[in-house]
Number of protein chains: 2
Amino acid sequence: MISSAILDQRMEHFRARCAELGLAYTHQRMIIYRALASSDSHPTPEGIFEQVRREIPSISLGTVYKNIHTFTEAGLLREVNLLHDSLRLDANLGNHHHFVCVRCKAVTDIPEKDVAPLRLKHPLPDGFVLHRAAAELLGVCASCAASEPDLQTGSS
Amino acid sequence: MISSAILDQRMEHFRARCAELGLAYTHQRMIIYRALASSDSHPTPEGIFEQVRREIPSISLGTVYKNIHTFTEAGLLREVNLLHDSLRLDANLGNHHHFVCVRCKAVTDIPEKDVAPLRLKHPLPDGFVLHRAAAELLGVCASCAASEPDLQTGSS
DNA sequence: TGACAAAGGAGAATGATTCTCCTGTAATAG
DNA sequence: CTATTACAGGAGAATCATTCTCCTTTGTCA
């Protein structure tokens with residue numbers, strides 16, 4: 001759960017961004033976004049649907065999906081797992097990092113040496129056991145960048 | 001593509017591990033693993049299927065999936081995207097890292113400050129544009145660890 | 001008020017993955 | 001070398017998440 005101060009701030013940002021983009025501030029959207037914004041457990045669409053259903057029993061799963069996409073495009077939400085659409089395999093069992101192209105979803109290996117060592121400066125929460133760690137670098141790959149005029153360097 | 005020295009080494013490891021686990025060293029398995037081991041582009045099961053089909057036209061997609069699982073359990077393969085089964089959302093738009101439990105797939109936020117800054121020591125390949133970077137920490141969460149006798153600390 | 005566009009609801013369609021069931025074959029002992 | 005048995009593979013049905021289609025409702029604005 002999230003503190004109510006942070007929740008309020010997120011809801012305010014949501015409202016402002018909807019106005020900015022001309023998105024109708026509907027009851028469904030507000031409830032869906034609040035369900036997302038008040039959670040720090042990275043829910044699935046199905047999970048959001050179950051939660052929203054308690055307040056709006058007639059809500060449809062399609063509406064939840066549609067709004068998740070709308071919010072993601074609006075920058076109000078991020079996908080934790082950019083590659084969730086299909087399984088990707090890796091036969092390289094050594095340590096290395098991955099660069100994922102946000103446009104074409106291609107994964108490029110980055111040698112371990114090319115990134116400063118990942119080091120925990122504070123211990124993990126109690127009871128957590130770390131197996132391994134790697135950097136996930138997000139951006140645009142060379143071939144997508146070549147075929148696109150607008151390259152953001154960091155913000156979006 | 002992968003150098004033939006590395007490919008040979010991977011195939012040898014594959015053969016040894018099959019023997020070790022009592023897995024039948026079938027033609028299909030050999031071709032499937034070779035397709036995986038000779039690629040560094042992180043193929044999908046479908047992609048492997050297409051490639052293997054060229055050598056064994058009668059191969060079934062189910063066989064490819066079954067062996068991918070077998071190989072993964074044997075530690076001969078890794079999933080690039082542990083969370084590929086379903087979309088996960090994040091309304092926390094600030095920088096932070098993720099700890100993913102390999103057992104229950106729960107995602108726990110790790111504050112940005114708790115990990116040494118991610119820094120590229122060598123530039124990305126030509127033309128690549130970085131948007132953002134985060135650490136992906138893999139391991140076992142507290143509740144899974146509590147309900148399990150065998151906790152590996154790093155290798156497996 | 002009338003009409004258009006955005007949104008929502010319901011359920012069908014799609015695509016990836018898993019499952020079932022039956023046949024074939026690798027491993028192994030004799 | 002062959003028989004046995006359990007593991008593997010093939011085919012296609014079933015399942016599950018996600019997307020799409022189509023129609024209705026609602027909000028907005030001339």
Side-chain angles (χ1 to χ4, degrees), chain A residues 14-15 17-36 42-74 76-77 79-89 105, chain B residues 14-36 42-74 76-77 79-89 105 107:
Chain A
F14 171 62
R15 177 191 282 279
R17 190 93 180 103
C18 283
E20 203 174 309
L21 296 172
L23 292 173
Y25 191 76
T26 65
H27 186 54
Q28 284 90 337
R29 282 187 173 156
M30 196 273 279
I31 301 297
I32 292 171
Y33 196 76
R34 202 178 58 198
L36 286 156
H42 309 290
T44 62
E46 189 69 32
I48 294 300
F49 175 61
E50 291 306 338
Q51 189 177 336
V52 170
R53 221 203 235 291
R54 288 188 221 133
E55 283 189 72
I56 312 177
S58 65
I59 192 98
S60 122
L61 181 56
T63 299
V64 172
Y65 271 101
K66 273 184 281 195
N67 281 306
I68 284 173
H69 289 148
T70 304
F71 298 164
T72 303
E73 277 158 29
L76 286 161
L77 214 55
E79 302 185 358
V80 173
N81 46 343
L82 222 56
L83 300 174
H84 69 274
D85 37 313
S86 160
L87 185 57
R88 298 295 197 87
L89 287 325
K105 308 290 171 71
Chain B
F14 171 62
R15 178 191 283 278
R17 190 94 180 102
C18 283
E20 202 174 310
L21 296 172
L23 291 174
Y25 190 77
T26 64
H27 186 54
Q28 285 90 336
R29 281 187 174 157
M30 196 272 279
I31 302 295
I32 292 170
Y33 196 75
R34 202 178 57 197
L36 286 156
H42 309 290
T44 63
E46 189 69 31
I48 293 300
F49 176 60
E50 292 306 337
Q51 189 177 337
V52 169
R53 220 204 236 291
R54 287 186 221 134
E55 283 189 73
I56 312 177
S58 65
I59 192 98
S60 121
L61 181 57
T63 298
V64 172
Y65 271 101
K66 272 185 282 196
N67 281 305
I68 284 172
H69 289 147
T70 304
F71 299 163
T72 302
E73 277 159 30
L76 286 160
L77 214 55
E79 302 185 358
V80 173
N81 46 343
L82 222 55
L83 300 173
H84 70 273
D85 36 313
S86 160
L87 185 57
R88 298 294 197 87
L89 286 325
K105 307 289 171 72
V107 179

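Quick note on labels: first sequence line is chain A, next is B, and so on, each numbered from 1. Computed from a predicted model, the values in this text were never measured in an experiment.
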With a 4.0 Å limit, can you tell me whether [X] has a side-chain N or O closer than that to the phosphate oxygens OP1/OP2 of [N]?
X     : N      : value
A:T26 : C:dG8  : yes
B:H69 : C:dT18 : yes
B:Q28 : C:dT25 : no
B:T44 : C:dA16 : no

Need one value for [X]: base, sugar-phosphate or nothing, where a base atom within 4.0 Å counts as base even if backbone is also close, heavy atoms only.
X     : answer
B:S58 : sugar-phosphate
B:L61 : base
B:H27 : nothing

Option passing side chain to side chain contact (heavy atoms under 4.5 Å, CB included) with A:I48 (candidates A:N67, A:L61, A:I31, A:V64) =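 When side chain to side chain contact (heavy atoms under 4.5 Å, CB included) is applied between A:I48 and each of A:N67, A:L61, A:I31, A:V64, only A:V64 qualifies.
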Side chain of [X] only, heavy atoms from C-beta on: which candidate in [options] is closest?
X     : options               : answer
A:Y65 : D:dA17, C:dG8, C:dT18 : D:dA17
A:P45 : C:dA7, D:dA8, D:dT18  : D:dT18
A:K66 : D:dA8, C:dG9, C:dT17  : C:dG9
A:I59 : C:dG9, D:dA17, C:dA27 : C:dG9
B:A24 : C:dT17, C:dA27, C:dA7 : C:dA27

May I ask you to test the B:H84-A:D85 pair for a side-chain heavy-atom distance under 4.5 Å?
->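 Not in contact.
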Would you confirm whether B:R17, through its side chain, and B:L76, through its main-chain N or O, come within 3.5 Å as a donor-acceptor pair?
->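 No.
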Report yes or no: does A:N81 contribute a side-chain atom to a donor-acceptor pair with the main-chain N or O of B:L82 at less than 3.5 Å?
->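 Judged by distance alone, no pair lies under 3.5 Å.
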How do A:S60 and B:Y25 order along DNA chain C: which one's closest nucleotide is nearer the 5' end?
->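 By nearest-heavy-atom nucleotide position, the 5'-most residue is A:S60.
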Without decimals, in angstroms, what is the distance between [X] [atom1] and [N] [atom2]?
X     : N      : atom1 : atom2 : answer
B:F49 : D:dG9  : CZ    : P     : 14 Å
B:N67 : C:dT18 : CG    : C1'   : 14 Å
A:L83 : D:dT18 : CG    : P     : 14 Å
B:R15 : C:dA26 : CZ    : P     : 14 Å
A:D85 : D:dC16 : CG    : P     : 20 Å
A:L23 : C:dA7  : CG    : P     : 6 Å
B:I56 : D:dA8  : CD1   : P     : 15 Å
B:E46 : C:dG15 : CD    : C1'   : 9 Å

Closest nucleotide of DNA chain D for A:G62 versus for B:I32: which of these residues is on the 5' side?
->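 Its nucleotide being nearer the 5' end, the pick is B:I32.
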Output all residues satisfying salt bridge (Lys or Arg N to Asp or Glu O under 4.0 Å) with A:E55, sequence neighbours left out; order by chain, then residue number.
->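 Per chain and number, A:E55 pairs via salt bridge (Lys or Arg N to Asp or Glu O under 4.0 Å) with A:R34.
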What is the distance from atom CD1 of A:I59 to atom CD of A:E50, rounded to the nearest 0.5 Å?
->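 A:I59 atom CD1 to A:E50 atom CD measures 12.0 Å (nearest 0.5 Å).
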